[in-house]
Protein chains: 2
Amino acid sequence: MGGDYLAGPQGLLRSINARAVLDVIDREGPLGRPEITRATGLSKTTVAQALRELVAREVVDEAGTDTARRGPAATLYRVAPRCAFGLGVDIGHLRVRVAVVDAAGEVLARAEAPAPRRDAAALADAVTALASECAERAGTGLAAVGQAVIGVPAIVGRDGRGIRRAYGLPQGGQGLVEAIERGLPMPLLLENDVNLAAVAEQRFGACADVGDFVLLGVGVGLGAGIVLGGRLHRGFAGGAGEVGFLPHPATELGTEVLGARRIAEQARAAGIAGRPSPRELFESARDGDERALAVVDATARRIAHVAASIALVIEPELFVLGGAVGANADLLLGRVRHHLARDAAPLPITVIPSGVPEDAVLRGAAWLARHHARERAFAAATGAPPQDADPGGRPYDTDSAGRPRGSRKAAPGKEDTT
Amino acid sequence: MGGDYLAGPQGLLRSINARAVLDVIDREGPLGRPEITRATGLSKTTVAQALRELVAREVVDEAGTDTARRGPAATLYRVAPRCAFGLGVDIGHLRVRVAVVDAAGEVLARAEAPAPRRDAAALADAVTALASECAERAGTGLAAVGQAVIGVPAIVGRDGRGIRRAYGLPQGGQGLVEAIERGLPMPLLLENDVNLAAVAEQRFGACADVGDFVLLGVGVGLGAGIVLGGRLHRGFAGGAGEVGFLPHPATELGTEVLGARRIAEQARAAGIAGRPSPRELFESARDGDERALAVVDATARRIAHVAASIALVIEPELFVLGGAVGANADLLLGRVRHHLARDAAPLPITVIPSGVPEDAVLRGAAWLARHHARERAFAAATGAPPQDADPGGRPYDTDSAGRPRGSRKAAPGKEDTT
DNA sequence: ACCCTGAGTAGGAAAGTTTCCGACCTACTC
DNA sequence: GAGTAGGTCGGAAACTTTCCTACTCAGGGT
């Protein structure tokens, strides 16, 4: 429920304090006891007690000593890197990528392979094979990995399992989760790839301290990863951010405004022969090819159009240009800004290039997996309810505070609830 | 709120438990001690202690007894209606409305008057005069009112004070807050009118248990009140929901898709003479006037267009049709649905009529004012940090998981490390 | 029809347990 | 020698369990 404090026995207090200590250590890196004491406001004694417990439960490590001050060396504490592992998977149109990370966020192993496009079973096999390989190389083994997050080019239901609309998955993604699940021992969570890119942007990129932003993923299709209040916004059934289908004057309804296909089409229209890939087109544009530049400009214009529409609805603090096509910020960014300034909304709109050029989806997936795995380990260790159940895994809890209650008389004995 | 548990002394536990008791009482209406004990999981003794404190602080009342069971009569506890009062104001284009509500949500007094349109000072005077009158009639006096929320037809900054774009305020709303502030003793909060209508919808209307919904306010202009995760979404600078400016094929950029002016224009185009108001137009349509019906249909079509665009961005659970024009659900709803089904997005979209036909903005404002006033009273009484800092009043507390952020502490007497 | 008794409930008080905090102490390093 | 890290002990705060009293309804006997 929305926000009730949970009442509880004194034990609750211990949980809370343990969690607070853990959080400080997590945030501020290796820390000595006195610093933890200052940061939490707890007493030395309590901090010591909490640390004893956390170390015993192996979520916190001693990590060397701090001899900066005079006096005895302070032992430093950190989150134990091996207290949780996460498995990130990026199922792309062409390739499958997998990474295993530890609780500290360190990438222990990474692997990739071509994506089998025949059927879901083959795809699942590829994923599990890569995962096993990675877990092996990471020295953990699959069993130690607490959570897997799998990025797919599809609309994913909020349960993190159902695939509602797959853009490039064999058999529309039918049976994919189940097949992968059979091959992997840990809990799985599916997630839209653009959403994961947004997570990566938030955690490793330019949006570290931005509460509301939108990642525009321009690639095979166009999608938006929407982060509001620091959390992914998925929509009622996971369909938020499907901005590729926003109405556009020059595009018929129900087709995508922008994407590889659309770009190719524009290239033909511009009189460019052959069937250059977007990559080649942008190369030509960089070489000064006028027609390619025209296509680039048209692309930028559509991006601007979409960004303006999004801004009118949710007004994020900024937009990030991502995706394979969006990565050509050198060519696109100026033009997008130009079009935005020229005919866009009454609101000023900021667009910046992605801060995660490589493996954005994979890194986002791995981060989220690590987050969940860690959260579970932390909860188990502190006895506290999970801290932030999820900046990307489950629905918001609905607000429960202060619902209207009709005025009720003090009539004895009647107890109507509705 | 986002994140960290705050560590603290044992006193914290008392706060937490007091708050839990208070919440249960608030949610479940008048309650006896045994029920509170069951609901919170606390022991009888602790509940008794908490209640003693809450009653002493006058946020909780004894309200009769419950003699349903056999045995001694259980005394019932409820939130004291007089522990906090809220003042709601709706500054409309034509009229100003004011209401005073108590902590139970009861409307104690309501008043309205024509809105002076000359200058902000006159408008402010009208507001304060009505407010004084209401507070008088309510028997509380202005000084007892803990919070005022003022709905305006404008984009309001997230601080709840700045007016960024006023649609129908004298002098663009310049100096309005300050002028009202001089006349009212309690803290003020400005809020966009459509946002308040959305709050009303959430609290009194059809969206009581809906986490994500959008209120489409169709009136003098077109705006959307966006509720995500049970909270108002205002956007980075309060500009979210300005969907009136969404691009529309048949409308030039920078002008509103829909609104009284646009409707009048369409009426002219349809060959309707005179300058019928939207109300008259809808009346004619009800009488079967073909040309008026055409205008209605065009209006519905544009509403559908806007709803489809919004849905592609945030995919709310449902849309609510509100506002003076939107209130003609009998004529509009079917047509909107028709157009949505015909050419809309890949997503199914649900549209329902408003459940708050009267005074939506005013009621939303009053609810929010009451909420803040109450929250403050509760916080003071329990010593706990505010429960839900705001389902509509201030920025999100910030991010949640795992990002650098100063820790908070509840311990006395040490210097704060932020 | 009336009364008496038994059972179940509300509320309170005392003893016990958990947890945090402040103060004091030791050991270590500059 | 001074300042700091870390540990231990007694005290205070807060919750729980247990016990106790008072109250009221139900049901059966008179």
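The figures here come from the full heavy-atom set of this structure, side chains too, leaving out hydrogens, waters and symmetry mates. Lettering of chains follows the sequences in order, A, B, ..., and the numbering in each one begins at 1.
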Going by salt bridge (charged side-chain N to carboxylate O under 4.0 Å, His left out), name the residues that satisfy it together with A:E53, two or more places apart in sequence or in a different chain. A:R57
The criterion is side chain to side chain donor-acceptor pair (under 3.5 Å); which residues satisfy it with A:R33, sequence neighbours excluded? A:Y77
Cation-pi between B:R370 and B:F85: NZ/CZ under 6.0 Å from ring centre and within 45° of the ring axis? no
What pairs of nitrogen or oxygen atoms, one from the protein and one from nucleotides 8-14 of chain D, lie under 3.5 Å apart?
none

First encountered from the 5' end of DNA chain C, between A:A68 and A:V47: A:V47
Watson-Crick/G-U partner (both atom distances under 3.5 Å) of C:dG16: D:dC15
Below 4.0 Å: OP1/OP2 of C:dA10 and any side-chain N or O of B:T75: no
Phosphate OP1/OP2 of D:dT4: any A:R33 side-chain N/O under 4.0 Å: no
Can you list the residues that meet the side chain to side chain donor-acceptor pair (under 3.5 Å) rule with B:R376, with sequence neighbours excluded? B:Q147
Residues which pass side chain to side chain contact (heavy atoms under 4.5 Å, CB included) with B:A50, listed by chain and number, not counting sequence neighbours: B:V21
Hits for side chain to side chain donor-acceptor pair (under 3.5 Å) against B:Q49, two or more places apart or cross-chain, chain-then-number order -> B:R52
Measure CG/B:L31 against P/C:dG11 and give the value in whole Å, please. 12 Å
In whole angstroms, the gap separating C1' of C:dT19 from CD1 of B:I16 amounts to 13 Å
Any N/O pairs under 3.5 Å between the protein and nucleotides 4-7 of chain C? List them or say none.
none

Quick check for you: to the nearest 0.5 Å, what is the distance between B:L22 atom CG and B:T40 atom OG1? 12.0 Å
For A:R69, enumerate each residue passing the side chain to side chain donor-acceptor pair (under 3.5 Å) test, keeping only those at least two apart in sequence or located in another chain. A:D66
Rounded to whole Å, the CD1-C1' distance (B:I36 to C:dA10) equals 13 Å
Can you measure B:L51 atom CG to D:dC15 atom P for me and round it to whole angstrom units? 12 Å
Partner residues of B:A138 under the side chain to side chain contact (heavy atoms under 4.5 Å, CB included) criterion, sequence neighbours left out: B:V100, B:L108, B:A109, B:T140
The answer to which of B:R69 and B:S43 contacts DNA chain D further toward the 5' end, by nearest nucleotide, is B:S43
